[in-house]
Amino acid sequence: MKIFFSESNNDYSTYTFNYAVYCMKENREELPMIYARGFLPYSSDPSLTDEVYYLARSLRVDTEQFADISENRRVDRKVADLDIQVHAIPKANLDLSDPDFLQFCLSYAKKRFSNDAMNEERLLYILNRESASHLLRFESNDRTIGYVLAVIEGDSFHYWYAFFHTNLMDDFPIGKWIMWRSIHWAKEHGLRYVYLGTCYGRSALYKARDFKGVAFFDGMGWNEDRQLLKSYCKSDEEARSMDRFKLSDNRQQQLEHLP
């Protein structure tokens, strides 16, 4: 992997000079290390032929600590009547250009993504990324109700994108259930870490709240302080004059505990 930085905003009054941090994957075997360092795949530019990853406040679940909590059991009870079965299919065994499959995913994206963020060009680009290895297919009474595009390598599972019948959301917490069931599937198959993407803003609080064994990448390592994560999510829309290190009251302590 090759790490590089891209200059962003600056504020000379507080000596705050921001850089976005990226890495470029050089081979598939690097994926567990890339995710472990807090990077997530960048997929907004289909013209890129190399796989680029960005550093962010990403979230992961340690399956050795994961166990159902009352909210998980409540969600599972509400969905139980659907009797959903999960099948993990290697991407190589699927026809990713199948019109019905593409329409299923695009129909979800049209309803759930704003500003045409997931059009057909980008969807095909993501599906054909070398790192994307499997699709989890969720079926009820022989009817496909959802997919999860996953990156599986070594001991790591990245829950990248989910697509499902949005009409089910009126009666079932189907999105929550699919994420919870995917974590279970990863644990059942001996995978240690499940990466759940970014965790910013109040809309992401369910990720911080609903899963035991969760930790977030705080720029220095994987932080298990769930209350701190919740406070970050709640304050994400507030403007900050400086980065969190400068704003912290225990800067020296943070330096002494660098990994």
Side-chain angles (χ1 to χ4, degrees), residues 20 22-25 31 34-35 39-60 84 86-139 143-153 157-170 172-183 185 194-207 233 236-237:
Y22 297 95
C23 81
M24 184 183 73
K25 177 176 74 66
L31 283 168
I34 288 172
Y35 284 107
F39 289 96
L40 293 167
Y42 174 69
S43 62
S44 295
D45 183 359
S47 70
L48 293 176
T49 55
D50 289 301
E51 290 197 6
V52 173
Y53 294 72
Y54 60 92
L55 190 66
R57 186 197 301 157
S58 58
L59 205 69
R60 78 179 185 187
I84 300 173
V86 185
H87 306 281
I89 307 168
K91 189 178 72 172
N93 295 347
L94 291 165
D95 178 7
L96 299 177
S97 62
D98 177 72
D100 292 335
F101 168 70
L102 291 177
Q103 185 54 45
F104 183 99
C105 297
L106 290 170
S107 177
Y108 171 88
K110 184 176 181 180
K111 295 178 181 178
R112 301 289 290 174
F113 290 75
S114 59
N115 302 318
D116 196 31
M118 184 65 78
N119 56 28
E120 185 170 350
E121 180 188 19
R122 186 181 178 204
L123 175 62
L124 286 169
Y125 172 66
I126 292 169
L127 290 171
N128 285 287
R129 286 274 289 254
E130 189 260 351
S131 58
S133 60
H134 291 72
L135 279 155
L136 267 61
R137 184 165 64 203
F138 297 81
E139 296 180 350
R143 174 195 180 204
T144 297
I145 64 167
Y147 294 96
V148 167
L149 179 64
V151 179
I152 302 175
E153 183 66 26
F157 176 107
H158 177 206
Y159 180 102
W160 195 357
Y161 282 104
F163 307 94
F164 52 85
H165 279 297
T166 53
N167 58 351
L168 292 171
M169 296 175 66
D170 295 335
F172 305 99
I174 193 67
K176 278 188 174 186
W177 188 90
I178 286 177
M179 181 173 284
W180 165 80
R181 186 64 185 87
S182 297
I183 298 170
W185 183 92
V194 178
Y195 294 88
L196 298 177
T198 58
C199 191
Y200 290 93
R202 292 178 178 272
S203 63
L205 281 171
Y206 74 96
K207 295 183 186 179
C233 289
D236 279 333
E237 296 179 6

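- Between Ile84 and Trp177, some side-chain heavy-atom pair lies under the 4.5 Å cut-off.
- A donor-acceptor contact shorter than 3.5 Å links the side chain of Tyr200 to the backbone of Arg57.
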Full working for side-chain contact (heavy atoms from CB on, under 4.5 Å) between Leu102 and Leu127: CA-CA 10 Å; Leu102 291 177; Leu127 290 171; 4.0 Å; yes
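- The two residues Ala150 and Leu136 come nearest to each other via the heavy atoms CB-CD1, 4.5 Å.
- Scored by the side chain to side chain contact (heavy atoms under 4.5 Å, CB included) test, Lys91 finds Leu96, Ala132 as partners (sequence neighbours excluded).
- Looking at Tyr53 and Leu31, their side chains come closer than 4.5 Å, going by heavy atoms from C-beta outward.
- In summary, the aromatic rings of Tyr108 and Tyr147 are positioned with their centroids too far apart to meet the 6.0 Å limit.
- Taking the six-membered ring where the residue is Trp, Phe104 and His165 present perpendicular rings, their angle passing 60° and hence far from 30°.
- Atom SG in Cys105 sits 5.5 Å away from atom CG in Leu123 (nearest 0.5 Å).
- Figure legend: Arg112 and Tyr161 shown without cation-pi pairing, the cationic atom not lying both under 6.0 angstrom from the six-membered ring centre and within 45 degrees of its axis.
- Between Tyr22 and Phe39, the closest heavy-atom pair is C-CE2, 3.6 Å.
- The main-chain N or O of His87 is never found under 3.5 Å from a side-chain atom of Arg137 such that the two would form a donor-acceptor pair.
- Summarising the geometry, atom NZ belonging to Lys111 is positioned 11.0 Å from atom CZ belonging to Phe164; distances are rounded to the nearest 0.5 Å.
- Using a 4.5 Å heavy-atom threshold, the side chains of Leu196 and Ile183 count as touching.
- Note that the CG atom of Asp45 and the OH atom of Tyr125 stand 6.5 Å from one another [nearest 0.5 Å].
- Minimum heavy-atom separation, Gly197 to His158: N-NE2, 4.3 Å.
- Across Arg122 and Pro46, no two heavy atoms sit closer than the pair CA-CG, 4.3 Å.
- Judged by distance alone, with hydrogens and angles left aside, the side-chain atoms of Ser131 form no donor-acceptor pair with the main-chain N or O of Val151 at under 3.5 Å.
- Within the 3.5 Å criterion, the main-chain N or O of Leu59 finds no donor-acceptor partner in the side chain of Lys207.
- No side-chain heavy atom of Phe101 sits less than 4.5 Å from a side-chain heavy atom of Thr144.
- The two residues Arg129 and Val52 make their nearest non-hydrogen contact at NH2-O, 3.7 Å.
- One distance of note links CD of Glu51 with OG1 of Thr49; it measures 10.0 Å at 0.5 Å rounding.
- Here the shortest heavy-atom pairing between Pro41 and Tyr35 reads CD-OH, 3.7 Å.
- Atoms CD1 and CD1, from Ile145 and Ile174 in turn, are 4.0 Å apart once rounded to the nearest 0.5 Å.
- Between the OH atom in Tyr206 and the SG atom in Cys233 there is a gap of 11.0 Å [rounded to 0.5 Å].
- The aromatic rings of Trp185 and Phe157 lie tilted to each other, with the angle between the two planes from 30° to 60°.
- By the 4.5 Å heavy-atom criterion applied to side chains, Tyr159 and Val148 are counted as neighbours.
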